[in-house]
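Working notes for the structure below.
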Amino acid sequence: MMSTDNEFQREGLSIFEAAAVAGIGRTKLYEALNTKALVSHRYGKRRIVLRKDLLDFLNALPTE
């Protein structure tokens with residue numbers, strides 16, 4: 001059995017995963033992608049959001 005110390009964290013997230021990590025719905029994530037507030041990359045038919053880009057997007061949101 002593999003311990004958690006040996007596991008890795010993926011840098012590329014699917015839309016579903018990125019929405020879950022960010023704590024927002026897929027619709028809002030797609031809105032951010034469509035307005036270019038968040039960038040994604042294509043690999044074949046797959047759309048991938050990099051963790052770095054997701055973090056940049058979240059950090060750029062207004063604070064309250």
Side-chain angles (χ1 to χ4, degrees):
M1 184 171 186
M2 190 181 258
S3 73
T4 56
D5 294 336
N6 294 335
E7 292 182 19
F8 63 94
Q9 187 175 16
R10 292 184 341 175
E11 293 300 316
L13 304 170
S14 69
I15 297 300
F16 179 78
E17 293 167 333
V21 168
I24 61 176
R26 287 184 304 132
T27 302
K28 287 293 184 186
L29 192 86
Y30 276 115
E31 285 178 15
L33 290 167
N34 289 335
T35 61
K36 306 290 190 228
L38 174 63
V39 297
S40 67
H41 303 270
R42 290 248 185 220
Y43 186 72
K45 291 183 179 180
R46 228 176 132 169
R47 199 167 192 181
I48 299 169
V49 177
L50 298 179
R51 281 188 184 273
K52 178 189 85 58
D53 294 332
L54 184 60
L55 186 59
D56 291 344
F57 164 72
L58 292 173
N59 285 328
L61 292 175
T63 58
E64 288 192 4

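Computed over heavy atoms, backbone and side chain alike; hydrogens, waters and symmetry mates excluded. None of the values given here were measured: they were computed from a predicted structure.
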Answer with yes or no whether the hydrophobic clustering places Tyr30 together with Phe57; edges join I, L, V, M, F, W, Y residues whose side-chain heavy atoms lie under 4.5 Å apart.
yes
Using the rule that two of Ile, Leu, Val, Met, Phe, Trp, Tyr join whenever any of their side-chain heavy atoms come within less than 4.5 Å, decide whether Leu55 and Leu13 are in one cluster.
no
What are the two closest heavy atoms between Ser40 and Leu33, and how far apart are they?
CB-CD2, 3.7 Å
Among the clusters formed by ILVMFWY side chains lying less than 4.5 Å apart, do Leu38 and Ile48 turn up in the same one?
no
State, with a plain yes or no, whether a side-chain heavy atom of Val21 is found less than 4.5 Å away from one of Val49.
no
Is there a path of hydrophobic side-chain contacts, each under 4.5 Å between heavy atoms of I, L, V, M, F, W or Y residues, that connects Ile15 with Leu58?
yes
Can you give me the closest heavy-atom contact between Glu17 and Gly12, atom names plus distance?
OE1-O, 4.3 Å
Is there a continuous path of hydrophobic side-chain contacts, each under 4.5 Å between heavy atoms, that joins Ile24 to Leu61?
yes
